[in-house]
Amino acid sequence: RIAHFFQKHKLYFCARLISQISRFFTGIEIHPGAKLGKKVFFDHGMGIVVGETAEIGDNCVIYHGVTLGGVSSSKTKRHPTLKNNVTVGTGAKLLGNIVIGNNVKIFPNVTIGEGVKIGDGTVVYSNVTIREFVEIGKNCVIQPGAVIGSDGFGFVKVNGNNTKIDQIGTVIVEDEVEIGANTTIDRGAIGDTIIKKYTKIDNLVQIAHNDIIGENCLIISQVGIAGSTIVGNNVTLAGQVGVAGHLEIGDNTMIGAQS
């Protein structure tokens, strides 16, 4: 806080000197420009890095090896914002202008990319990857190893060779959604992949680019849904169902296992 005082008053050398002395004794590097709320607790703080435009709210807990870093050197807001009562576990990497809502829990070794927004009360378990510009709603649960926002599987032939199509959409996950362990949800090619509220997705599910999954659905383990498919509300897809692309499944449909 002393370093931040000097930084605000443009006494940059004093600010940096104090932050480097603090780093030497604690192993924690907090840029003087970072903003810290009340009762922030760095637990076993060795290896923590907090970038210049980072903001940490009240009553947050940050464990060792966490990075609140940036992905550019621009002079804009380029580091994460943690609201109040956020917990960030060991080794988590939050990179870019990210917004983490109140009461969010992020477990160890999670990676969160530029522009991500996570709503209040969401829990993100270990080894999850949330790619750039994904939006996660309130009170969601993301189980270990899930990948949200990976590139869709899009290629065209150019001179006989498979050439990647840029996937420039994102993923939007609405409130109260659960995503199972090692499930993958691909970003949209142009528009967005959308998972609507209260849907529950089991482990080992693949949801491809530009799919829209309706409200209150149940998608059971090892289901694969190809791209640009629309699934209505209250749909149940039982284990190992395969859904071809560009289809529409109506509300209240139930599809049995291995169909």
Nearest 0.5 angstrom please: T183 OG1 to Q143 CD, how far? 9.5 Å
With a 3.5 Å distance limit and no angle check, can you tell me whether T193 reaches the backbone of V171 through a side-chain donor-acceptor pair? no
Between the side chains of N85 and N102, is a donor N or O closer than 3.5 angstrom to an acceptor N or O? no
State which residue, out of T111, I130, L82, fulfils the side-chain contact (heavy atoms from CB on, under 4.5 Å) condition with L94. L82
Can you classify the ring geometry of H64 versus H44 as parallel (below 30°), tilted (30 to 60°) or perpendicular (above 60°)? perpendicular
Between the CG atom in D43 and the OG1 atom in T87, the distance rounded to the nearest 0.5 Å is 10.5 Å
Just to verify, which of V134, V88, L95, I118 counts as forming a side-chain contact (heavy atoms from CB on, under 4.5 Å) with I112? I118
Salt bridge flag under 4.0 Å for residues K83 and D120: no
Under the side chain to side chain donor-acceptor pair (under 3.5 Å) criterion, do N216 and N234 qualify, and how do the steps go? CA-CA 5 Å; N216 223 31; N234 302 302; 3.1 Å; yes
What's the shortest heavy-atom distance between Q240 and Q258, and which atoms? OE1-NE2, 2.5 Å
Could you check D186 against Q206 for side chain to side chain donor-acceptor pair (under 3.5 Å), going step by step and ending with a plain yes or no? CA-CA 8 Å; D186 293 345; Q206 160 66 17; 3.0 Å; yes
With the 4.5 Å side-chain cut-off for hydrophobic clustering, are V223 and L218 part of the same group? no
